[in-house]
Amino acid sequence: MSTLTERTEVASGYRAGRTLPVRVELLRQLKRRRTLVMFGILAVLPFVLVAAFAIGGEPDGRGDRITLMDTATASGANFAAVNLFVSAGFLLVIPVALFCGDTVASEAGWSSLRYLLAAPVPRVRLLWSKLVVGLGLSLAAMVLLPVVALVVGTAAYGWGPLQIPTGGSLGTGTAAQRLLIVVAYVFVSQLVTAGLAFWLSTRTDAPLGAVGGAVGLTIVGNVLDAVTALGDWRHFLPAHWQFAWADAVQPRPEWSGMIQGAAVSVTYALVLFALAFRGFTRKDIVS
């Protein structure tokens, strides 16, 4: 009796680590209409705010209370900070959810996911390439907004120090460094949304479900943070720390809030990314 031995034939030159390179996935995503539209919306926002200030007049403080919004027209640096302030709570959530939630689910919706895996692209490699590109595009979106706002604000209101609502100012060099820190923190704080969107993207064939689910859960987190009856339990909500970056644009920055917020966001994100990889590697791909 002969014994039949199964042998897996591998094409000459095949390397699992060379399948679906990040640059190839990046080019694929950059050519998509939703990517161009999202970047276009973020680039237009500073122009919309300049037009709003031109029509409605410069913002004035209410009584003796002056907020960051009231200093929007003080300089280009202030205008860039205000753009981040008005966008961090919701607008910047959308590109993160879109770029990380649409990536795998869209392949399943197009029925191309199984063909990618049959190429063959290892599942972990496929997820890794898509996650890196999704996070990279999300970071690019967050950098694009303040850069355009800084250019537009400088053209409209001049180049100058960052005026602090509580008094004092930061020199242009220091202000630029602090804004970089702010962008980095906003990106880290949005990793929870990225994790939710990416995990949902591996669980559904509907891109809208993954994107909408991530945005919806992020909104729920914001609502729960507004419930003061929860007390200290709110400290475990990523939404509770989303504006901790305001401590970085002070004469003497305070880092404790940003450290706590970053720790909470990274913890949630790592768990969600791990669930996405674990579930996808065991999932039957039929689409």
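If you're wondering where the values come from, they're calculated on a predicted model, not measured in any experiment. Numbering starts at 1 and runs along the sequence shown. As a basis for the values below, the full set of heavy atoms in this structure was taken, side chains included, without hydrogen atoms, waters or symmetry mates.
When side chains are defined from C-beta on, P161 does not count as touching L170, because their heavy atoms never get closer than 4.5 Å. Side-chain contact between L191 and L272: absent, with no pair of heavy atoms (C-beta onward) separated by less than 4.5 Å. Considering only heavy atoms from C-beta on, I164 comes within 4.5 Å of P251 through its side chain. Using a 4.5 Å heavy-atom cutoff, the side chains of V249 and V182 are in contact. Taking 4.5 Å as the limit, some side-chain heavy atom of F99 sits within range of a side-chain heavy atom of S138. Within the 4.5 Å cutoff, no side-chain heavy atoms of R123 are placed close to those of R282. Side-chain contact between S87 and L145 is present, with at least one heavy-atom pair separated by less than 4.5 Å. Counting only heavy atoms from C-beta outward, the side chains of P146 and N83 never approach each other to under 4.5 Å.
In the hydrophobic clustering of ILVMFWY residues, with side-chain heavy atoms under 4.5 Å counting as a link, V44 and F79 come out apart. Under the 4.5 Å side-chain heavy-atom criterion for ILVMFWY residues, no single connected hydrophobic cluster contains both L30 and L36. L180 and W255 fall into different hydrophobic clusters, defined by Ile, Leu, Val, Met, Phe, Trp and Tyr side-chain heavy atoms under 4.5 Å apart, directly or through other members. No single ILVMFWY cluster, assembled from side-chain heavy atoms under 4.5 Å apart, contains both F47 and L150. Note on V151 and V148: separate hydrophobic clusters, where clusters join Ile, Leu, Val, Met, Phe, Trp and Tyr whose side-chain heavy atoms are under 4.5 Å apart, directly or indirectly.
Relative orientation of the H235 and H240 rings is tilted, given thresholds of 30° and 60° on the angle between their planes. Using cut-offs of 30° and 60° on the angle between ring planes, the pair F198 and F277 is tilted.
Here the CG atom belonging to L275 is positioned 8.5 Å from the OG1 atom belonging to T202, to the nearest 0.5 angstrom. Rounded to the nearest 0.5 angstrom, T154 OG1 and W159 CH2 are separated by 5.5 Å. To the nearest 0.5 Å, the span separating OG1 on T228 from CZ on R234 amounts to 6.0 Å. Taking CG of L139 as the reference point, atom CD of Q190 lies at 12.0 Å (rounded to 0.5 Å). Between the CG atom in L126 and the OG1 atom in T281 there is a gap of 12.0 Å [rounded to 0.5 Å]. The CG atom of L200 sits 6.5 Å away from atom CG of L217, with the distance rounded to the nearest 0.5 Å.
Of all heavy-atom pairs spanning F53 and M69, the tightest one is CZ-SD, 4.0 Å. Residues V215 and F90 share a closest heavy-atom pair of CG1-CE1, 4.0 Å. A pairwise comparison of heavy atoms in F85 and F243 identifies O-CE2, 3.7 Å as the closest pair. Between A80 and L179, the shortest heavy-atom distance links the atoms CB-CD1, 4.2 Å. Contact between V133 and L26 at its shortest, heavy atoms only, is CG2-N, 3.8 Å. Across all their heavy atoms, T172 and G160 have their closest contact at CG2-O, 3.4 Å.
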Next item on the list: May I have the step-by-step check of side-chain contact (heavy atoms from CB on, under 4.5 Å) for L42 and L91, ending in yes or no?
Entry: CA-CA 9 Å; L42 293 174; L91 181 59; 4.0 Å; yes

Next item on the list: Show your reasoning for whether side-chain contact (heavy atoms from CB on, under 4.5 Å) applies to N222 and Q242.
Entry: CA-CA 9 Å; N222 291 334; Q242 64 181 336; 3.4 Å; yes

Notebook entry, point to check: Under the side-chain contact (heavy atoms from CB on, under 4.5 Å) criterion, do W241 and Q260 qualify, and how do the steps go?
Noted result: CA-CA 8 Å; W241 307 101; Q260 293 180 68; 3.4 Å; yes

Next item on the list: Would you check, one step at a time, whether the test side-chain hydrogen bond (donor to acceptor under 3.5 Å, both in side chains) holds for Q29 with E25?
Entry: CA-CA 6 Å; Q29 299 302 326; E25 178 64 18; 2.7 Å; yes

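At least one donor-acceptor pair under 3.5 Å links the side chain of S75 to the backbone N or O of N78. No donor-acceptor pair under 3.5 Å is formed between the side chain of Q163 and the backbone N or O of A77. Between the side chain of S201 and the main chain of A197, no donor-acceptor pair closer than 3.5 Å is present. Between the T218 side chain and the T193 main chain, no donor and acceptor come within less than 3.5 Å of each other. Between the side chain of T103 and the backbone N or O of C100 there is no donor-acceptor pair closer than 3.5 Å. Between the side chain of R178 and the backbone N or O of A248, at least one donor-acceptor pair lies under 3.5 Å. Of the possible polar contacts, none joining the R203 side chain to the A210 backbone as a donor-acceptor pair under 3.5 Å is found. The closest donor-acceptor contact from the side chain of Y268 to the backbone of F236 lies under 3.5 Å.
Within a 6.0 Å sphere centred on CG of L208, heavy atoms belonging to other residues, nucleotides or ligands number 12 at most. Within a 6.0 Å sphere centred on CH2 of W199, heavy atoms belonging to other residues, nucleotides or ligands number 12 at most.
Listed by first and then second residue, the salt bridge (charged side-chain N to carboxylate O under 4.0 Å, His left out) pairs that reach into residues 92-104 are R32-D102, R34-D102, sequence neighbours excluded.
Residues forming a side chain to side chain contact (heavy atoms under 4.5 Å, CB included) with L224 (at least two apart in sequence, or on another chain): V220, L230, L237.
For S189 and S265, the side-chain atoms include no donor-acceptor pair closer than 3.5 Å.
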